[in-house]
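These notes are about the structure you will find just below.
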Amino acid sequence: MFAVVRERMCALVCRTRVALVARRDAGMVTSEYAVGIIAAVAFAAVLYKVVTSGQVGSELQAIVKKALDAKM
């Protein structure tokens with residue numbers, strides 16, 4: 001599933017780049033904003049999965065506990 005999403009995103013980015021090179025216009029159009037938002041949401045979903053995994057969660061809790069237990 002991830003490979004299919006990645007392939008489609010790459011195709012969208014490639015088409016957007018070709019359109020930009022042909023047009024040489026300053027600024028972004030609505031479709032480019034949409035691609036950027038989709039990429040940001042996909043990155044956020046992957047980051048959420050990584051941060052909420054068991055091992056990463058326990059490591060983050062250990063870091064916070066160590067910081068709170070530090071003597072000043």
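Side chains are part of it too, since the values below use all heavy atoms of this structure and drop only hydrogens, waters and symmetry mates. In this text, all values refer to a predicted model and were calculated from it rather than measured experimentally.
- Residues V41 make up the rest of the hydrophobic cluster containing I37, defined by ILVMFWY side-chain heavy atoms closer than 4.5 Å, directly or through other members.
- From K65, atom NZ reaches atom OG of S58 across 12.5 Å, with rounding to the nearest 0.5 Å.
- Within the hydrophobic cluster formed by Ile, Leu, Val, Met, Phe, Trp and Tyr side chains joined at under 4.5 Å, directly or through other members, I63 stands alone, with no partner residue.
- Using a 4.5 Å cut-off between side-chain heavy atoms of Ile, Leu, Val, Met, Phe, Trp and Tyr, with links allowed through other members, L60 and L47 fall into the same hydrophobic cluster.
- In this view, I38 and M9 satisfy the side-chain contact (heavy atoms from CB on, under 4.5 Å) rule, not counting sequence neighbours.
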